[in-house]
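The sequence lines fix the lettering, A, B, ..., with proteins before strands; numbering per chain opens at 1. Being a predicted model, the structure only gives us computed values, none of them experimental.
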Amino acid sequence: MKKICLSVSLLLGLLRMGQAQEAPAYTKRKLQIQEINLVSSYYEQGGNNSAVTGGIGSEFLRDYAQSFDLVLKTTDHRNRQHTIAFDFNVDHYTSASSDKIDPLTISSASRSDTHIYPSISWNVHDENRRVTKGISVAYSTEYDYKSYGVSVNFSKLSVDNNRELTLKAGAFFDTWTVILPAELRPEGYGSGADGDRDPVDHKPRNSYNASFSLSQVINKRLQAFFTVEPAFQQGLLSTPFHRIYFNDGSETVERLPGSRMKLPVGLRLHYFWGDRVILRTFYRYYLDNWGMKAHTISLETPIKLTSFVSLSPFFRFSNQTAVRYFAPYGTHAPTDRYYTSDYDISGFHSQFFGTGLRLAPPGGILGIRNWQSVELRYGHYARSAGLGMQANSLTLLAKFK
Amino acid sequence: MMKRFFTVLLPSAVLLATGLTGCVTVKEYQKSRVNDAEMELSARKSEKFEQNFYLYREGAAGANGGKSGGGCGCN
């Protein structure tokens, strides 16, 4: 009997302890680093259809890009997860075509600029309601261009965690410093160069976009993502230093409509084939009210050579029709309402292929536990527009957790 | 534009709805493959700058993550 009483009281004591542990006691949790990503990239392109010189001339460009993103996480007293992400990006480029804005300074690919674009986002995930809400702000600055952006997002996860619906909306408020080609500047109009006191114009370009996305786990090996992202732009959508040479020999700057509506629709299907191969497929259909239609398809197949080394060959193909305002050098009529000789919005097909190598050893890279993975990626890009354009890109990603 | 919008969107929605009916409920413990880092349903982090040059060198953009506005890229 004594033993029974002792056992019961012990059991009750344990139950009480258990209840005390189950009670939703609030403990202050510090903001913790969840992930850090460092991305370095080198990009080089060549071609001879520069829009700065009216659709002819060198497009040679080199770009060095660096990105640092930091993701912090914490949990509040209502057990909601807060994620704060800082993203800081810098591009530094040298461009042969930008050098031709002012012929007096022609000196091959010496013209350079630095593009800085940081952003901060804050997301709150409520596990009980399966809802995530977030907001982000972005800034971008270049020599002749500034941009301020804000976006909000909302996601709802299904009860079985297999389906998620996401809505996003964003707005970017940009300002151009209108730098004109030297020979087309009116009397008293500035060059935009540091130290030049003559005034230059500033023009707005605003972009508004929304996205409706659905992700779905279809079975143990297959998942899909479908998205529609309508976007609207208004303001100065032409580039003020892009030259146009008409069929009568006269010259002016590019002129495009003041608004553009875009509608891309994307579908992703990712399939885990066997134990070692993943098929990542993507298709996008795009159309806009300037007359462009495009199809883009890509396939990447990460192959797990070992449990921590994977090789990812990839291929991307894209085909687009020209906007209705495009014509090559010297073929636009001066009576045309809009005109551009920018081959980026001409009709062409492009191919991008290459491979990535990813290492993610269990003990960390070089034995550093927090250095989770490293990825090296090389790709070659070829575009059929005009005389053709070639580019190469090399990217290195280091992930810390 | 609106007509084209619906000719794109309606078949996509029908295709998606048909596809979703073939879905099975996958439990958390059955998700070892779909939770693999390489299975993430977005562009890879290492594609970040590639997406920027697509945006600058091609007219079509969006529906694949990456920059959707802000910044010029006019070089």
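- Only the side chain of A/Lys304 comes within less than 4.5 Å of a heavy atom in chain B; its backbone stays farther off.
- Counting only heavy atoms from C-beta outward, the side chains of A/Tyr283 and A/Thr296 never approach each other to under 4.5 Å.
- Panel note: side chain A/His242, backbone A/Val52; no donor-acceptor pair is recorded below 3.5 Å.
- Heavy atoms of A/Glu375 lying under 4.5 Å from chain B belong exclusively to its side chain.
- Each of A/Ser119, A/Ser41, A/Ala294 has some count of heavy-atom pairs under 4.5 Å with chain B, and the biggest count is that of A/Ser41.
- For A/Tyr42, the ring-ring contact (aromatic ring centres under 6.0 Å, His included) partners two or more places apart in sequence, or in a different chain, are A/Tyr64.
- Only the side chain of A/Phe348 comes within less than 4.5 Å of a heavy atom of chain B; its backbone N, CA, C and O stay farther away.
- Crowding of A/Lys168 atom NZ: a count of heavy atoms from other residues, nucleotides or ligands under 6.0 Å not exceeding 12.
- No other option in A/Asp69, A/Asn162, A/Asp113 has as many heavy-atom pairs under 4.5 Å with chain B as A/Asn162.
- Residue A/Tyr381 touches chain B through its side chain alone, counting heavy-atom pairs closer than 4.5 Å.
- Within the 4.5 angstrom heavy-atom criterion, only side-chain atoms of A/Tyr286, from C-beta onward, approach chain B.
- Heavy-atom pairs under 4.5 Å with chain A were tallied for B/Ser46, B/Ser32, B/Ala37; the largest tally goes to B/Ser46.
- Annotation: cation-pi geometry not satisfied between A/Arg280 and A/Tyr271 (NZ/CZ under 6.0 angstrom from ring centroid, within 45° of ring axis).
- The candidate from A/Leu396, A/Val323, A/Ile345, A/Ile278 with the greatest count of non-hydrogen atom pairs under 4.5 Å with chain B is A/Ile278.
- A/Asp342 does not touch chain B: none of its heavy atoms, backbone or side chain, sits under 4.5 Å away.
- In this structure, chain B has a heavy atom under 4.5 Å from the backbone of A/Gln66, while its side chain stays farther away.
- Remark: A/Arg205 fails to qualify as a cation-pi partner of A/Phe173 under the 6.0 Å distance and 45° angle criteria applied to the six-membered ring.
- Only the side chain of A/Asp91 has a heavy atom closer than 4.5 Å to any heavy atom of chain B.
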Stepwise side-chain hydrogen bond (donor to acceptor under 3.5 Å, both in side chains) test for A/Gln45 and B/Arg57: CA-CA 10 Å; A/Gln45 74 172 41; B/Arg57 294 288 79 95; 3.2 Å; yes
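- Neither the backbone nor the side chain of B/Asn35 comes within contact range of chain A; no heavy atoms are under 4.5 Å apart.
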Side chain to side chain contact (heavy atoms under 4.5 Å, CB included) between A/Lys262 and A/Glu229, worked out: CA-CA 8 Å; A/Lys262 303 175 179 182; A/Glu229 282 187 14; over 6 Å; no
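- The pair B/Glu38-B/Arg44 counts as a salt bridge, with a side-chain nitrogen and a carboxylate oxygen less than 4.0 angstrom apart.
- Taking A/Ser213, A/Ser318, A/Ser373 one by one and counting their heavy-atom pairs under 4.5 Å with chain B, the maximum is reached by A/Ser318.
- A/Asp87 touches chain B through its side chain: at least one heavy atom from C-beta onward sits under 4.5 Å away, while N, CA, C and O do not.
- Interface remark: of the candidates A/Ala65, A/Ser50, A/Ala171, A/Gly266, A/Ala65 forms the most heavy-atom pairs closer than 4.5 Å to chain B.
- If you measure heavy-atom distances from A/Thr395 to chain B, the contacts under 4.5 Å come from the side chain alone.
- For the pair A/Glu59 and A/Arg383, the salt-bridge criterion is met [side-chain N within less than 4.0 Å of a carboxylate O].
- At a threshold of 4.0 Å, the pair B/Glu50-A/Arg316 does not count as salt-bridged, since none of the basic side-chain nitrogens sits closer than that to a carboxylate oxygen.
- If you measure heavy-atom distances from A/Ser67 to chain B, the contacts under 4.5 Å come from both the backbone and the side chain.
- The contact between B/Gln30 and chain A is made by backbone and side chain atoms together, counting heavy-atom distances below 4.5 Å.
- By the 6.0 Å contact criterion, NZ on A/Lys220 is open, its count of non-hydrogen atoms from other residues, nucleotides or ligands being 12 or less.
- In this structure, chain B has a heavy atom under 4.5 Å from the side chain of A/Asn37, while its backbone stays farther away.
- Not a single donor-acceptor pair under 3.5 Å links the side chain of B/Glu58 to the backbone N or O of B/Leu55.
- Here A/Asp275 is the residue among A/Asp63, A/Asp275, A/Leu269, A/Thr141 with the most heavy-atom pairs under 4.5 Å with chain B.
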